[in-house]
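Remarks on the structure that follows.
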Amino acid sequence: MTLDSLEKFIGFQGWSMFGITPFEKIRKNLKKHEKFFEEWIKKDYQADMDWLELMKKDRFHPERVLPGIKSVIVLGAVYSDSGAMVKRWRSDGGQPQPLHISSETREAQQMRHHRGVVARYARGKDYHKVLRKKLIELSDFLKSRYPQAQTYASVDSGPTADRALAEAAGLGFFGKNTCLINPPRGSYFFIASLMTDLELPETPEKPMPACGNCRKCIQNCPTGALAESGKLDARKCISYLTIENKGPIPVELRPKIGNRLFGCDACQACCPFNAVLPSEVLIGPLKPENGAGDSLDLKGILSIESDEEFAEKFAGTPLMRAKRRGLLRNACVAAGNSGNKELVSYLEALIRQESDEMLREHAGWAIDILNLNL
Ligand code: B12
Ligand code: SF4
Ligand code: SF4
């Protein structure tokens, strides 16, 4: 199979970038990352994401996942663009902004709204499903030429070290915020991979820049979660606290969360490599207008009474990961930080109707903070 025919198919599918790398090259890269990962775990930076360690062997030894593996196709799908930003901002009733407005400015503007902000990666449809479907189509394409070929597809939740694979395939470099950055597209992209036992042509290597002396992400992280260069302490990370964490949010971190309702973009929004965003999200379902959008009305979230009602609103979006309980917990924190007195009655209603102790405690905290600020 030629690189040209693969590139055509991948482009037709809407991926923003791709790289193909022989397994031998990946093996070397994974060795280095396995050591790094072990140091990270030793420091307890993984919080309660024990599944990461449980998957460790498979993540760093893909030959266990696909015996006979020879090549990996790593793909990137941009999920945030300048066009979508402008459109969403207007539909929120804000001032129209020029194209390529810096994402930092917009983030600051959103904080003034009494809404909860959804991180950019979670604004469209659930990327796991959308991208997995594309990987299966790509696998079918390979098998149409080589019927005996074996493949293994993975997006995020699979036993793969996605960023390390993407680095080896030339998709970008590791920033100090731990994200993989692809100049000139920035870091707002998902990583997906297709392993195969086919020997595919390798894509040419490209020179990559590095962060240099910049430390903006470390300085702008609201909770100080970027502990050291390249190491993130998930116990302090707002993305972890509002998505993966099933328990209460530590009281001392709540004021630092602001009105972030689901996930956090602060260490990417301030990054110079994201100052000019790509002009278009190429995979339609990932666009904010096809999912939850960029921010949600806190009154609406605090009023969701049942898991069924929650699923009706958010089925098929990444927000399902937090479940009703997690999202309402986050909404209480965002409400407490909003300075919006109107939310007190919604929080009081939640305490009256809710039997879940964690939610009642978060709502009580928010009321206290709002009353203190009267
Ligand atoms: C667990 C997890 C999280 C955790 C922990 C994140 C973390 N940084 O460790 C939490 C819940 C906090 C999280 C948050 C987010 N996540 Co997440 N997450 C994952 C997941 C499932 C595993 C990551 C992991 O193994 N972490 C452990 C650390 C040690 O590994 P790592 O993150 O890959 O980090 C590497 C770097 O630290 C690197 N490195 C950096 N410097 C140096 C220096 C040296 C010398 C060496 C050797 C290595 C090195 O080596 C590490 C090991 O490979 C991956 C998907 C996957 N299957 O891999 C997605 C993934 C990393 N997440 C992703 C996204 C989009 C996010 C968020 C942006 C979502 C949001 N807006 O809220 C934030 C970003 C926060 C951040 N700054 O990282 C994308 C990142 C895409 C990209 N362009 O980088 C991924 C790849 C999912 C995907 N398939 O698209 N995530
Ligand atoms: S996602 Fe937010 S809290 Fe987590 S490291 Fe980045 S800036 Fe800090
Ligand atoms: S903000 Fe600066 S230090 Fe952080 S990832 Fe971007 S370039 Fe690197």
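Note that ligands are numbered from 1 as they come in the structure, with each ligand's atoms numbered from 1 the same way. Side chains are part of it too, since the values below use all heavy atoms of this structure and drop only hydrogens, waters and symmetry mates.
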Discussion item. Run the side-chain contact (heavy atoms from CB on, under 4.5 Å) test on Thr242 and Leu261 for me, step by step, so that the C-alpha distance in whole Å, both residues' side-chain angles and the decisive distance to 0.1 Å come before the verdict.
Written reply: CA-CA 7 Å; Thr242 57; Leu261 183 64; over 6 Å; no

Practice prompt. Assess whether salt bridge (Lys or Arg N to Asp or Glu O under 4.0 Å) is satisfied between Lys70 and Asp197, documenting all intermediate values.
Written response: CA-CA 5 Å; Lys70 295 229 171 57; Asp197 61 355; over 6 Å; no

Discussion item. Does atom NZ (Lys133) have a neighbourhood of more than 12 heavy atoms from anything else shown, all under 6.0 Å?
Written reply: no

Discussion item. Starting from atom 4 (Fe) of ligand 3, what is the nearest protein heavy atom, named by residue and atom, and what distance separates them?
Written reply: Cys217 SG, 2.3 Å

Worksheet, complete the sentence: for atom 30 (O) of ligand 1, nearest protein heavy atom and its distance come out as Phe37 CD1, 4.8 Å

Worksheet item: Should you measure from each heavy atom of Cys264, which atoms of ligand 1 turn up under 4.0 Å away?
Response: 70 (C), 71 (N), 72 (O)

Practice prompt. Give a yes or no on whether Glu38 atom CD has more than 12 heavy-atom contacts from other residues, nucleotides or ligands under 6.0 Å away.
Written response: yes

Worksheet item: By number and element, which atoms of ligand 1 are closer than 4.0 Å to a non-hydrogen atom of Ser187?
Response: 83 (N)

Worksheet, complete the sentence: for atom 6 (Fe) of ligand 3, nearest protein heavy atom and its distance come out as Cys271 SG, 2.4 Å

Worksheet item: Would Asp162 and Ser193 count as having a side-chain donor-acceptor pair, cut-off 3.5 Å?
Response: no

Worksheet item: Between Thr178 and Arg163, do the side chains contain an N or O donor and an N or O acceptor separated by less than 3.5 Å?
Response: yes

Worksheet item: Does atom 54 (C) of ligand 1 have any protein heavy atom closer than 4.0 Å?
Response: yes

Discussion item. Closer than 4.0 Å to some heavy atom of Lys216 - which atoms of ligand 3 meet that?
Written reply: 1 (S)

Worksheet entry | Residue and atom name of the nearest protein heavy atom (relative to atom 13 (C) of ligand 1), distance in Å to one decimal | Ser239 OG, 4.0 Å

Practice prompt. May I ask you to list the atoms of ligand 1 that are less than 4.0 angstrom from any heavy atom of Gly230?
Written response: 37 (O), 40 (C), 41 (N)

Worksheet entry | Nearest protein heavy atom with distance in Å, relative to atom 48 (C) of ligand 1 | Phe36 CD1, 3.4 Å

Worksheet item: Hey, do the aromatic rings of Tyr121 and Tyr127 have their centres closer than 6.0 Å?
Response: yes

Practice prompt. Check whether any protein heavy atom sits under 4.0 Å from atom 46 (C) of ligand 1.
Written response: yes

Worksheet item: Are Val65 and Ile136 in one and the same hydrophobic cluster, where Ile, Leu, Val, Met, Phe, Trp and Tyr link if side-chain heavy atoms are under 4.5 Å apart?
Response: no

Discussion item. For Ile181, which part has a heavy atom under 4.0 Å from ligand 3: side chain, backbone, both, or neither?
Written reply: side chain

Item to complete: Quick one: look up the protein heavy atom nearest atom 36 (C) of ligand 1 and list residue, atom name and how far away it is.
Response: Phe174 CE2, 3.4 Å

Worksheet item: Can you find a protein heavy atom closer to atom 51 (C) of ligand 1 than 4.0 Å?
Response: yes

Discussion item. So if I count the atoms of ligand 1 from 1 in the order they appear, which ones are less than 4.0 Å from some heavy atom of Lys32?
Written reply: 47 (C)

Worksheet entry | Distance-only N or O hit between ligand 1 and Trp51, under 3.5 Å | no

Item to complete: Enumerate the atoms of ligand 2 whose separation from the nearest heavy atom of Thr223 is less than 4.0 angstrom.
Response: 3 (S)

Discussion item. Please list, in number order, the atoms of ligand 1 under 4.0 Å from a heavy atom of Cys267.
Written reply: 77 (N)

Worksheet item: To the nearest 0.1 Å, how far is atom 9 (O) of ligand 1 from its closest protein heavy atom, and which atom is that?
Response: Trp40 CZ2, 3.4 Å

Item to complete: List the closest protein heavy-atom neighbour of atom 60 (C) of ligand 1: residue, atom name, distance to the nearest 0.1 Å.
Response: Asp156 OD1, 4.3 Å

Worksheet item: For atom 3 (S) of ligand 2, which protein heavy atom lies nearest, and how many Å away is it?
Response: Ile238 N, 3.2 Å

Fill in: Proximity winner for atom 81 (C) of ligand 1, if only heavy atoms of Tyr127, Phe190, Phe189 are counted
Phe189

Worksheet item: Centroid-to-centroid, Phe174 to His33, below 6.0 Å?
Response: yes

Discussion item. Checking His61 against Glu34 for the side chain to side chain donor-acceptor pair (under 3.5 Å) test, could you report, in this order, the C-alpha distance in whole Å, the side-chain angles of both residues, the deciding distance, and whether it holds?
Written reply: CA-CA 9 Å; His61 299 274; Glu34 186 173 16; 3.3 Å; yes

Discussion item. Does the protein place a non-hydrogen atom closer than 4.0 angstrom to atom 17 (Co) of ligand 1?
Written reply: no

Discussion item. Here's a test for you: under salt bridge (Lys or Arg N to Asp or Glu O under 4.0 Å), which of Arg360, Arg325, Arg324 qualifies with Glu354?
Written reply: Arg324

Worksheet item: Any chance the side chains of Glu167 and Asn29 put a donor and an acceptor closer than 3.5 Å?
Response: yes

Discussion item. Test salt bridge (Lys or Arg N to Asp or Glu O under 4.0 Å) on Arg321 and Glu244; report intermediate values, then the result.
Written reply: CA-CA 8 Å; Arg321 178 91 181 148; Glu244 298 298 326; 2.7 Å; yes

Worksheet item: Is there a protein heavy atom at a distance of less than 4.0 Å from atom 91 (N) of ligand 1?
Response: no

Worksheet item: Would you say the side chains of Asp233 and Tyr240 form a donor-acceptor pair under 3.5 Å?
Response: no

Worksheet item: Does the protein put any heavy atom within less than 4.0 Å of atom 2 (C) of ligand 1?
Response: no

Worksheet item: Does ligand 2 have any atom that is closer than 4.0 Å to a heavy atom of Leu232?
Response: yes

Item to complete: Could you find the nearest protein heavy atom to atom 2 (Fe) of ligand 3 and give me its residue, atom name and distance?
Response: Cys214 SG, 2.3 Å

Item to complete: Just jot down the ligand 1 atoms closer than 4.0 angstrom to any heavy atom of Thr178, in number order.
Response: 8 (N), 76 (C), 77 (N), 78 (O)

Discussion item. Give me the nearest non-hydrogen protein atom to atom 76 (C) of ligand 1 as residue plus atom name, then the distance to 0.1 Å.
Written reply: Leu232 CD1, 3.4 Å

Response to the item:
Numbered in order shown, the ligand 1 atoms found under 4.0 Å of a heavy atom of Arg59 are 22 (C), 23 (C), 24 (C), 25 (O), 56 (C), 57 (N), 58 (O)

Worksheet item: Do any of the N, O or S atoms of Cys267 sit under 2.8 Å from atom 6 (Fe) of ligand 2?
Response: yes

Item to complete: Run the numbers for me: atoms of ligand 2, each under 4.0 Å from some heavy atom of Pro222, listed by number.
Response: 7 (S)

Worksheet item: Can Ile301 and Asp297 be said to form a side-chain contact (heavy atoms from CB on, under 4.5 Å), step by step?
Response: CA-CA 7 Å; Ile301 302 295; Asp297 178 19; over 6 Å; no

Discussion item. Do Asn177 and Cys221 have side chains that approach each other closer than 4.5 Å (heavy atoms only, starting at C-beta)?
Written reply: no

Practice prompt. Run the numbers for me: atoms of ligand 1, each under 4.0 Å from some heavy atom of Cys179, listed by number.
Written response: 77 (N), 84 (O)

Practice prompt. Out of Asp162, Asn182, Ile181, indicate the one that has the non-hydrogen atom closest to atom 58 (O) of ligand 1.
Written response: Asp162

Discussion item. For atom 33 (O) of ligand 1, what's the nearest protein heavy-atom neighbour? Residue, atom name and distance, please.
Written reply: Arg163 CD, 3.5 Å

Worksheet entry | Element-labelled atoms of ligand 3 that are located less than 4.0 Å from some non-hydrogen atom of Cys211 | 3 (S), 5 (S), 7 (S), 8 (Fe)

Item to complete: Carefully, step by step, assess Leu226 and Cys267 under the rule side-chain contact (heavy atoms from CB on, under 4.5 Å).
Response: CA-CA 9 Å; Leu226 292 168; Cys267 57; 4.0 Å; yes

Worksheet item: Should we count NZ of Lys323 as having more than 12 external heavy atoms under 6.0 Å?
Response: no

Item to complete: Report yes or no: do Met17 and Phe173 belong to one cluster of Ile/Leu/Val/Met/Phe/Trp/Tyr joined by side chain heavy-atom distances under 4.5 Å?
Response: no

Response to the item:
Nearest non-hydrogen protein atom to atom 8 (Fe) of ligand 2, with distance, is Cys221 SG, 2.3 Å

